[in-house]
Amino acid sequence: MTKKIISVKADDDVSEVAKILYNKHVKRVPVLDEKKHLLGIVSRRDIVKMMLA
């Protein structure tokens, strides 16, 4: 576990989320709204599935 949470915002572009996953060497990131409430989780698999659709 890490002390610093890597997260993304709901309106972040998918390509930016993919870059974060790649550059930070993580497989999943939480998606937070402006009040820091959890909206969901995006994984590498989600991005690959979207690209193949």
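Taking CD from E34 and CG from D11, the interatomic distance works out to 8.5 Å, rounded to the nearest 0.5 Å. How far OG of S43 is from CZ of R28: 6.5 Å, rounded to the nearest 0.5 Å. The distance from atom NZ of K9 to atom CG of D33, rounded to the nearest 0.5 Å, is 11.5 Å.
Following chains of ILVMFWY side-chain contacts shorter than 4.5 Å, one can reach M50 starting from L21, so the two form part of one hydrophobic cluster. Cluster annotation: V29 and I41 are assigned to distinct hydrophobic clusters (Ile/Leu/Val/Met/Phe/Trp/Tyr, side-chain heavy-atom contacts under 4.5 Å, transitive). Hydrophobic clustering keeps V14 apart from V48 (ILVMFWY residues linked when any side-chain heavy atoms are closer than 4.5 Å, directly or through intermediates).
Checking each of M51, R45, R44 against I47 for a side chain to side chain contact (heavy atoms under 4.5 Å, CB included) leaves exactly one that passes, namely M51.
The main-chain N or O of V42 is never found under 3.5 Å from a side-chain atom of D46 such that the two would form a donor-acceptor pair. Using a distance-only test at 3.5 Å, with no hydrogens or angles considered, no donor-acceptor pair links the side chain of N23 to the main chain of I20.
Between S7 and V31 the shortest side-chain heavy-atom distance does not fall below 4.5 Å.
Here the closest non-hydrogen pair linking V17 and V8 is CG2-CG1, 4.0 Å.
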